[in-house]
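Step one of this worksheet: look at the structure below.
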2 protein chains.
Amino acid sequence: MATPTLQRSTAQAIREEAARLFFQRGYDATTLRQVAAAVGLKVGSLYNHIDSKEDLLLQVMGGIIDDLLELQQEALNREGDVIEKLRAVLDCHIRFHAERAQEVFIGNAELRSLPAEARGLVVDKRSRYEQIIQSLIEDAGEAGLASVLDARIHTYSFVAQATHIAGWFKPEGRMTLDELVAMYTKFALRELKVADADERVDRREA
Amino acid sequence: MATPTLQRSTAQAIREEAARLFFQRGYDATTLRQVAAAVGLKVGSLYNHIDSKEDLLLQVMGGIIDDLLELQQEALNREGDVIEKLRAVLDCHIRFHAERAQEVFIGNAELRSLPAEARGLVVDKRSRYEQIIQSLIEDAGEAGLASVLDARIHTYSFVAQATHIAGWFKPEGRMTLDELVAMYTKFALRELKVADADERVDRREA
DNA sequence: GTCTATATTGCGATAGAC
DNA sequence: GTCTATCGCAATATAGAC
């Protein structure tokens with residue numbers, strides 16, 4: 001580790017406050033003056049840590065989609081039948097969107113604020129991510145373990161729910177993270193008419 | 001009718017082009033110069049038709065939530081058991097979000113761009129709208145016709161899916177509007193473990 | 001690294017001629 | 001109603017002193 005200090009660096013503070021403001025007001029509506037004020041700096045000083053406002057947005061979005069893809073791959077290695085793999089992937093899917101709600105929300109809402117080439121890269125990665133889910137759904141259907149109406153639209157359904165969660169979930173709220181994950185995973189398996197959908201999920205809660 | 005002409009008025013053209021641009025690039029990132037250019041006007045001329053940029057956003061959002069509430073009330077008058085009412089409300093819910101996708105999308109994404117008091121009004125109406133759905137879900141559960149895990153979160157689930165649809169649905173796409181509505185309604189009834197969920201929906205497709 | 005300027009740009013909105 | 005021209009302002013970004 002290069003910086004073993006417990007103090008967050010100024011650069012880190014800028015990213016965090018920017019994330020908070022981008023989440024709250026949107027990227028376009030957030031001014032660098034507001035970011036600077038939140039950190040306790042003047043606007044000019046920001047430029048010792050960022051190249052531009054767009055660069056700051058990129059920093060905030062960071063490797064969030066890479067992190068998500070990585071965790072999805074881990075989940076895919078779960079042992080068990082295709083439903084167990086799907087359940088693990090959905091667990092990861094929901095958990096990630098709730099745990100890192102603000103970043104995820106910004107990553108979705110401000111996709112169009114990204115420069116075209118960066119946006120293209122992210123879109124491709126999102127597409128690969130969704131394709132994994134869709135393939136699992138198709139496999140489950142072909143194995144006779146799920147009633148698939150349209151794998152693409154089921155995928156949309158699961159993506160929509162997670163995206164929505166990223167807009168409201170707070171760890172200190174009515175539901176714990178684990179409860180949330182269990183509930184939405186049940187929703188998904190129910191939607192696919194998986195046998196013993198609820199029990200499949202509850203069994204994993206040990 | 002005051003204006004029985006088939007030509008769209010300049011004011012109407014401005015609203016339509018603004019909606020297209022707000023949908024595409026977001027409200028903050030859209031300039032009035034772009035709107036004017038899209039209509040074939042110069043910036044100054046816009047002000048013969050609008051009071052301000054915020055006023056234009058208000059015009060675009062218009063009474064979309066009122067329209068939605070009105071249609072929901074019609075659906076509620078559907079004869080039949082609580083599941084039939086719920087099915088009708090969800091049908092209306094999905095259909096509306098797909099048919100008026102751009103307006104709905106703007107109404108959601110740009111809620112925070114609205115002045116506080118206007119935003120409060122809209123939020124209250126949305127809340128009432130969602131409460132209707134939630135109550136139907138609770139009723140269905142208490143009647144033993146549905147397996148309700150958490151009525152609020154089921155409602156979130158249905159709201160999330162419709163919101164997502166508003167971001168991608170195109171009438172000329174792979175699915176027809178009716179197919180889309182039928183599919184998502186099945187998703188919802190499946191999620192609630194309603195008996196013969198698919199058949200409930202198919203029966204209505206006459 | 002911080003700050004106080006300031007340059008530069010482009011925005012929403014207005015004035016006034018036609 | 002349209003236009004051209006411009007005002008006033010706030011934004012991003014930079015320069016240079018400390």
Side-chain angles (χ1 to χ4, degrees), chain A residues 2-61 106 109-110 112-116 118-119, chain B residues 2-61 106 109-110 112-116 118-119:
Chain A
T3 54
T5 169
L6 289 181
Q7 298 231 3
R8 71 178 182 179
S9 66
T10 303
Q12 184 59 23
I14 291 171
R15 278 190 291 270
E16 285 173 18
E17 293 302 323
R20 206 176 45 78
L21 287 163
F22 291 167
F23 179 77
Q24 213 171 70
R25 323 159 72 93
Y27 170 77
D28 283 305
T30 301
T31 72
L32 291 180
R33 282 172 168 77
Q34 293 168 334
V35 176
V39 182
L41 290 177
K42 300 299 178 180
V43 68
S45 309
L46 286 182
Y47 287 86
N48 289 316
H49 307 279
I50 66 172
D51 290 340
S52 66
K53 191 185 177 186
E54 271 184 357
D55 166 65
L56 176 56
L57 177 61
L58 263 167
Q59 286 190 34
V60 168
M61 290 199 187
I106 296 168
E110 305 300 353
R112 55 182 167 189
S113 304
L114 269 189
R119 184 170 61 246
Chain B
T3 54
T5 169
L6 289 180
Q7 296 232 4
R8 71 176 182 179
S9 67
T10 303
Q12 184 59 24
I14 291 171
R15 278 190 291 271
E16 287 174 16
E17 293 303 322
R20 205 174 47 77
L21 286 163
F22 290 168
F23 179 77
Q24 214 172 71
R25 322 159 72 94
Y27 170 78
D28 283 304
T30 301
T31 71
L32 291 180
R33 284 168 171 79
Q34 292 168 335
V35 175
V39 182
L41 290 177
K42 301 299 178 180
V43 199
S45 310
L46 285 183
Y47 286 85
N48 289 315
H49 307 278
I50 67 172
D51 291 339
S52 66
K53 191 185 178 188
E54 270 185 357
D55 166 67
L56 177 55
L57 177 60
L58 264 168
Q59 286 189 34
V60 168
M61 290 198 185
I106 296 167
E110 304 299 352
R112 55 182 165 190
S113 304
L114 270 190
R119 183 170 62 245

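Chain letters run A, B, ... following the sequence lines, proteins first and then strands; every chain starts at 1. Everything numeric here is computed off the predicted structure, so don't read it as measured data.
In plain terms, the two heavy atoms of A/Leu21 and A/Thr30 that are nearest each other are O-OG1, 3.4 Å. The two atoms that bring B/Gln34 and B/Ala29 nearest to each other are OE1-O, 3.7 Å, heavy atoms only.
The side chain to side chain contact (heavy atoms under 4.5 Å, CB included) test applied to A/Arg119 returns A/Leu111, A/Leu114, A/Ala116, A/Val123, not counting sequence neighbours. Not counting sequence neighbours, the partners of A/Ser113 by the side-chain hydrogen bond (donor to acceptor under 3.5 Å, both in side chains) test are A/Glu110.
Separating the OH atom of B/Tyr47 from the P atom of D/dT4 is a distance of 17 Å, rounded to the nearest angstrom. Rounded to a whole Å, the CD1 atom of A/Ile50 is 13 Å from the C1' atom of D/dT14. As rounded to whole Å, 14 Å separates atom C1' of D/dA13 from atom CG of A/Leu56.
Within residues 37-46 of chain B, the residues approaching DNA chain D are B/Leu41, B/Lys42, B/Ser45, by heavy-atom distance under 4.0 Å. A heavy-atom distance below 4.0 Å to DNA chain D is reached by none of the residues of residues 20-36 of chain B.
Helix-axis bend for the helix from C/dG1-D/dC18 to C/dC18-D/dG1: the local axis fitted to the five terminal pairs at one end deviates from that at the other end by 10°, rounded to 10°.
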Ignoring hydrogens and angles, write down the donor-acceptor pairs under 3.5 Å from the side chains of residues 10-19 of chain A, residues two or more places apart or on other chains.
residue: A/Gln12; atom: OE1; partner: A/Arg15; partner atom: NE; Å: 3.2
residue: A/Gln12; atom: OE1; partner: A/Arg15; partner atom: NH2; Å: 2.9
residue: A/Gln12; atom: NE2; partner: A/Glu16; partner atom: OE2; Å: 3.2
residue: A/Arg15; atom: NH1; partner: A/Gln59; partner atom: OE1; Å: 2.8
residue: A/Glu16; atom: OE1; partner: A/Arg8; partner atom: NH1; Å: 2.4
residue: A/Glu17; atom: OE1; partner: A/Arg20; partner atom: NE; Å: 3.0
residue: A/Glu17; atom: OE1; partner: A/Arg20; partner atom: NH2; Å: 2.8

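Between B/Ile106 and B/Leu57, the closest side-chain pair of non-hydrogen atoms falls below 4.5 Å.
A 4.0 Å heavy-atom criterion places the boundary nucleotides of DNA chain C facing chain A at C/dG1 to C/dT4, written 5' to 3'.
Residue pairs meeting the salt bridge (Lys or Arg N to Asp or Glu O under 4.0 Å) criterion with at least one member in residues 29-55 of chain A, sequence neighbours excluded, do not occur. Applying the ring-ring contact (aromatic ring centres under 6.0 Å, His included) definition to pairs two or more places apart or across chains, those involving residues 24-61 of chain A are A/Phe22-A/Tyr27.
Atom CG of A/Leu32 and atom CG of A/Leu41 lie 12.0 Å apart (nearest 0.5 Å). For the atom pair CG of A/Leu58 and OG of A/Ser52, the computed distance is 8.0 Å after rounding to the nearest 0.5 Å.
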